[in-house]
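The structure appears below as structure tokens.
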Amino acid sequence: MSDPTPNPETARRGLVLINTGPGKGKTTAALGTAFRAAGNGMRVLILQFLKGSWHYGELDSAAALNAALDEAGSALNKTDRPAPAHNFVIRQLGRGFVKIGGAETDPEDIRLVEAAWAQAAAAILSGEWDLVVLDEINYAIGYKMLAAEAVADVLRQRPQMVHVILTGRNAHPLLVELADTVTEMREVKHAYQRGILAQRGIEF
Ligand code: ATP
Ligand code: MG
């Protein structure tokens, strides 16, 4: 990193982050950032594209954390707002399996992605959330179920302080270009390669 001297004019601003690459940790790193943001009194919305069939532990953690943050009231508030709503919300907006490949793509999956994107765009533009995570959205874009240009337009138009994290392999070059921080997870090894199945608490 060269010259990290802070510039007061740009010291506080919303960032676009992308967690991509073939290694494990894209979604869980986004959840970690969400956990960190929540502790600063920030309002966090996590929208999961394509997911829906599995019940992930983070769904129950989010509900418990959301209730606990409400209880904590304004004690955690490190934002500019006088009385923040302590929201920590996860919504699964898919159905967990996607048939892909041109004409084989199920129209129902495309409809779900379009509805998910409409909700995501509205949430980002509303300014009602400080951090919006678009989990697995890179897959929806990669499968040509959603146009990268449409996502880029909304990211460019978003209120200045809104942070957005996009996850999933093969991030689109247009979005990589637009993003502030891009991390590529590299697979060194994965238990799956030795035939070890997904483990509770680690994979779901
Ligand atoms: P996680 O949710 O664990 O952070 P991820 O978001 O990086 O994983 P995805 O591409 O969303 O990865 O895939 C989710 C599932 O696939 C998880 O169960 C994860 O363990 C598994 N997975 C991720 N990377 C690999 C890999 N390189 N080989 C096999 N399975 C993987
Ligand atoms: Mg993931």
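Basis for what follows: all heavy atoms, side chains included, without hydrogens, waters or symmetry-related copies. Each ligand, and each atom within it, is numbered from 1 in the order the structure gives. For clarity, every value in this text was computed on a predicted model and none was experimentally measured.
At least one N, O or S atom of Thr27, from either the backbone or the side chain, sits less than 2.8 Å from the Mg ion (ligand 2).
Close contacts between ligand 1 and Pro22 involve ligand atoms 24 (N), 26 (C), 27 (N) [criterion: under 4.0 Å to a heavy atom]. Set against the non-hydrogen atoms of Tyr139, the atoms of ligand 1 under 4.0 Å away are 9 (P), 10 (O). Listed by atom number, the atoms of ligand 1 under 4.0 Å from Gly23 heavy atoms are 7 (O), 24 (N). If you number the atoms of ligand 1 from 1 as listed, the ones under 4.0 Å from a heavy atom of Glu136 come out as 11 (O). If you number the atoms of ligand 1 from 1 as listed, the ones under 4.0 Å from a heavy atom of Arg169 come out as 24 (N), 25 (C), 26 (C), 27 (N). Those atoms of ligand 1 that come under 4.0 Å of a heavy atom in Tyr192, given as number and element, are 29 (C).
Within a 4.0 Å radius of atom 4 (O) of ligand 1, the protein has at least one heavy atom. For atom 14 (C) of ligand 1, the nearest protein heavy atom lies 4.0 Å or farther away. Inside a 4.0 Å radius of atom 29 (C) of ligand 1 there is at least one protein heavy atom.
Restricting Glu136 to its N, O or S atoms, the one at the least distance from the Mg ion (ligand 2) is OE2.
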Steps toward side-chain contact (heavy atoms from CB on, under 4.5 Å) verdict (Gln48, Val133): CA-CA 8 Å; Gln48 300 194 310; Val133 177; over 6 Å; no

Verdict with supporting geometry, Asp60 and His55, side-chain contact (heavy atoms from CB on, under 4.5 Å): CA-CA 9 Å; Asp60 298 323; His55 190 85; 3.0 Å; yes

Full working for side chain to side chain donor-acceptor pair (under 3.5 Å) between Arg12 and Gln160: CA-CA 9 Å; Arg12 302 199 62 240; Gln160 204 189 344; over 6 Å; no

Chi angles and distances behind the salt bridge (Lys or Arg N to Asp or Glu O under 4.0 Å) call for Arg111, Asp106: CA-CA 9 Å; Arg111 196 194 63 72; Asp106 189 326; over 6 Å; no

Verdict with reasoning, Arg43 to Glu128, per salt bridge (Lys or Arg N to Asp or Glu O under 4.0 Å): CA-CA 8 Å; Arg43 302 158 300 183; Glu128 287 171 19; over 6 Å; no

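Nearest-heavy-atom check against atom 27 (N) of ligand 1 across Gln48, Lys51, Glu58, Glu187 picks out Glu187. Of the listed residues (Glu203, Arg186, His190), the one carrying the non-hydrogen atom nearest atom 22 (N) of ligand 1 is His190. For the residues Gly25, Ala198, Gly32, Gly168, the heavy atom positioned nearest atom 8 (O) of ligand 1 is part of Gly25.
A salt bridge is absent between Arg158 and Asp153; no separation between the charged side-chain nitrogens and carboxylate oxygens falls under 4.0 Å. Salt bridge absent: Lys24 and Glu187 never bring a charged side-chain N and a carboxylate O closer than 4.0 Å.
Partner of Thr167 under the side-chain hydrogen bond (donor to acceptor under 3.5 Å, both in side chains) criterion, chosen from Thr20, Thr28, Asp135: Asp135.
Under 4.0 Å from ligand 1, not a single heavy atom of Gln193 appears. Residue contacts with ligand 1 for Lys24 involve both N, CA, C or O and side-chain atoms from C-beta outward (heavy atoms, distance under 4.0 Å).
Closest protein heavy atom to atom 2 (O) of ligand 1: Thr27 CB, 3.4 Å. Closest to atom 12 (O) of ligand 1, if we only count protein heavy atoms, is Lys26 NZ, 3.4 Å.
When atom types are taken as modelled, the side chain of Lys26 and the backbone of Gly21 share a donor-acceptor pair closer than 3.5 angstrom.
Ring planes of Trp54 and Phe204: perpendicular class, angle over 60° (limits at 30 and 60°). Between Tyr143 and Tyr139, the ring planes lie tilted relative to each other; the angle falls in the 30° to 60° range.
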